[in-house]
Amino acid sequence: MDSDGTQDARGTHANPVPRPAGPPEMPPMPPRPTRAPGGSGSAAFLTWLRTPRPEALPGVWRFGHSPRPEEEPERIPGRQLLSGALIAFLVGWLVWSLLWNGYLGGWWVLPLELFTPDSWRENNDRVGNAILWYSYYTLIAFAIMIAVARLGRWGEVWRRYGPRAWPRRAAQAVRPPTPEQDPAEWPQLRAAGAVDAAERLAGEARAGGMRDVDHARITRAWQGVRSGRHSLATFTGAVLKDGAAACLHPSGERDLPTRLSRHDLVTGQVRLGTTADDTRNPYAYRGTGLALGPELLGTSLLAVGPAGAGKTGTVVRPLAESLCLHALAGRAAVVVVGAAGAGLGPAEAYDVVVRIGNPESVYDLDLYGGTTDPDEAAAVLAEALVGDLADPHPGNDSRRSTTVLAQLLGPFRAVHGRFPSVPELRQLLDGAPGPLAALRTALEGSGQESLLRELDARERQLAHPGDVGSVLADRVALLDRPAFAGFFDTSGQSRPFSLKALDHPVRVRIDLPARGHAEASRMLARLVLAQFTASVAVREDRSLFACLIIDDATGVVTPEAVRGIQRLRSGNAGAVLTLRTLDDVPRPLRGPLLGAAGCRMALSGLTPWDGQDFAEVWGKEWTEARDITDRQIIAETPAGKALHAVRRVITGKAPTARAVTVRQVERERWSASELAHAVPPGHAVLSLTSVRGEHAPPLLVDLRE
């Protein structure tokens, strides 16, 4: 069975994932985290699994989260709170001293004399009398203490400065849940009648043989049974046979070689940092962990920050790592695109690694996206070649380039049964007489007059000075270089990877030759994005989350790319794009791009003009503004003037009266100046939108914690 409970689907697409002989040995884990939950014994895994994960606001790290109030309670200054508590204690002490020494009379013992028999107070039993009177004294002292505690806010002092607020407080033991509520006992399987499978999995968990990826993968397979895609008998048989190793990923792996981030596969989140305890953040978010998952990435993420701001290390790498874990659990398919050596994770963490321009690359990239339709292949290829040259204003696209390519791809495929290679396509676009004549000769007499008309139209357009074929040929020439001689093969001799494989939980990394071939790298990134948006729209199983991560999307954003990103949410897919600056995007496309991305991140070091675009898309909010005015007090009497003179000598300031004016004003959530100068290093401002439409305002996040 594969990860979602079906039989192994290897070989059903053009890019089978090689299955190793057995699960790889787990190397030593890096310091953060030390190991995956359950990797070293049952206690760690069971503790992780039973930790509460309450429902929370979008972006909150739910693992062990303690919800906070929506509004910040009124906070008394610490010095005022402590002085008030001390004064209340002294007042209580004074009252008790006056009562005890009889300065206030004996009226306070009257209740004891009225409600107790005389025989209790006037007998010769010294012990009994002492117990009676001192019990009454204790009751009075306790009543005075309660009164002064309420007046002095002793409860607030305890909450703020007591042991609960100490940084090194001991962790409280979690009460074990009942078997009906214990996730380690698999109650959902027991309720459906799969008791034997539940017992096998529970035994694996108690014995320390189950990991977080195993739990997520088997849960995913069980969801397939509940939805009716797979049978209960098949699922139960796989679990009874293999236990925690049931329903393995086609690669046979049960975890990643290394983990650098904190993951929670029960909620699907990866922790990126901590929301700063800042007044600009909503009170419910302050000090909480900030995490992302498929429910947020499904609206796409755009991260903008200068070089060295931490886009790759603090955003791209954790997200890629999380999605690779989801792929091993059968929940997601991920494609990571970046420059070679960018630090996107080890090759062992991926099923397919395409190293374009590297002769040692095992896999190739399908230039036509695995399609057999010439029109579809022409549309995707035109977007990659000249999408950045199209007019970015709404209503304009690259339809002319698509038509030119379709006029050549259709006849060539009809004759050769495949699409042209890069050198062949360059010759056809250049209008070389030999290849065009050979196509015409092969088509004549075949009864395909429509394809002959396409070829005739292409030959007529070659003579026009404004023909886009020459522009396309120049762009194709960037790929017709010796460094790419062994790539983009269409003869079937290589192992081309196609994004049609996103129907499976595959992990893909594509290394672009950014050094020396920058323009070709940007063109290939546009090609991958165009193929991704076209492929996810026609997937059969949309329960599998698909995500494309492009590290440095310079030159990738085009009008068609923005429209494609807008359509990803409906296909249970998302994209993560990073930019050094919004200046890498044409001015007419900056607003639509920020609108298409539901999650927007501005890292520290942003320029003011980039900050202005973020400030506009984040809008304004109503806030409470306080205007404080100090007015000098003028004394009119001699005594008042003398008092003011003494006060001026002591304080060095003239006596003043303070007036406070409170009003509601509408201000930007984050201004361009604040984004450019008030975001500390290692921080970012992030707004979130979930696929269900829930919003989180711009949050200041510390990405280093």
Side-chain angles (χ1 to χ4, degrees), residues 3 22-54 56 60-66 167-189 197-222 239 242-249 253-272 274 288-289 291 293 318 321-331 348-349 705:
S3 56
E25 295 183 359
M26 296 299 296
M29 292 296 176
R32 178 184 177 224
T34 56
R35 53 187 174 271
S40 62
S42 61
F45 175 76
L46 293 177
T47 301
W48 169 82
L49 187 59
R50 291 167 177 168
T51 300
R53 297 168 174 84
V60 172
W61 174 252
R62 292 173 51 191
F63 180 80
H65 172 63
S66 298
R168 294 184 178 180
R169 59 181 180 269
Q172 297 180 356
V174 180
R175 179 179 299 177
T178 61
E180 295 77 11
Q181 299 175 346
D182 189 359
E185 296 294 330
W186 297 87
Q188 66 273 30
L189 271 66
E199 289 291 345
R200 175 67 188 275
L201 295 175
E204 294 264 359
R206 289 190 294 268
M210 182 175 289
R211 312 175 186 183
D212 56 347
V213 178
D214 298 330
H215 181 272
R217 186 183 65 251
I218 296 173
T219 301
R220 163 71 177 176
W222 176 250
V239 170
D242 300 321
C247 311
L248 274 181
H249 185 266
E253 297 179 1
R254 298 172 59 184
D255 205 348
L256 297 180
T258 59
R259 296 192 189 188
L260 299 181
S261 303
R262 294 181 60 185
H263 304 272
D264 182 25
L265 291 182
V266 173
T267 59
Q269 294 180 314
V270 55
R271 180 163 178 156
L272 298 185
T274 302
T288 63
E321 190 176 276
S322 173
L323 291 168
C324 285
L325 289 173
H326 281 287
L328 290 179
R331 295 174 173 177
E348 295 79 10
E705 297 184 2

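Of the possible donor and acceptor atoms, one in the side chain of Thr47 sits under 3.5 Å from a partner among the backbone N and O of Ala43. Side chain of Arg62 to main chain of Arg53: a donor-acceptor pair is present (N/O by atom type, distance under 3.5 Å, no hydrogens or angles).
Taking every heavy atom of both residues into account, Gly209 and Ala244 meet most closely at O-CB, 3.5 Å. The minimum heavy-atom distance linking Ile218 with Ala246 is given by the pair CG1-O, 4.3 Å. Smallest separation of non-hydrogen atoms from Cys324 and Leu256: CB-CD2, 3.9 Å. Minimum interatomic distance between Ala216 and Ala329 (heavy atoms only, all atoms of both residues): CB-CB, 3.7 Å. Annotation for Arg211 and Asp255: closest pair NH1-CB, 3.6 Å, computed over non-hydrogen atoms. Listed here is the closest heavy atom pair of Val270 and Pro318: CG2-O, 3.8 Å.
For the atom pair Leu189 CG and Leu201 CG, the distance stands at 6.5 Å (nearest 0.5 Å). From Trp61, atom CH2 reaches atom OG1 of Thr288 across 12.0 Å, with rounding to the nearest 0.5 Å. Here Thr267 contributes atom OG1 and His65 contributes atom NE2; the two are 12.0 Å apart, rounded to the nearest 0.5 Å. Taken from CZ in Arg200 to CH2 in Trp186, the straight-line distance is 13.0 Å, to the nearest 0.5 Å. Rounded to the nearest 0.5 angstrom, Asp242 CG and Asp214 CG are separated by 11.0 Å.
In this structure, Leu328 and Arg217 have side chains that are not in contact, with every pair of non-hydrogen atoms separated by 4.5 Å or more. Residues His215 and Leu265 form no side-chain contact, since every pair of their non-hydrogen atoms from C-beta on lies 4.5 Å or further apart. Taking the side chain as every heavy atom from C-beta outward, Arg271 and Phe63 never approach each other to under 4.5 Å. Between Trp48 and Asp264 the shortest side-chain heavy-atom distance falls below 4.5 Å.
At a threshold of 4.0 Å, the pair Glu185-Arg206 counts as salt-bridged, since one of the basic side-chain nitrogens sits closer than that to a carboxylate oxygen.
The salt bridge (Lys or Arg N to Asp or Glu O under 4.0 Å) check on Glu348 picks up nothing, with sequence neighbours excluded.
Evaluated for a side-chain hydrogen bond (donor to acceptor under 3.5 Å, both in side chains) with Glu321, the options His263, Arg259, His326 yield exactly one hit, His263.
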*Yes or no on side-chain contact (heavy atoms from CB on, under 4.5 Å) for Arg331 and Leu325, after CA distance, side-chain angles and deciding distance?*
CA-CA 9 Å; Arg331 295 174 173 177; Leu325 289 173; over 6 Å; no

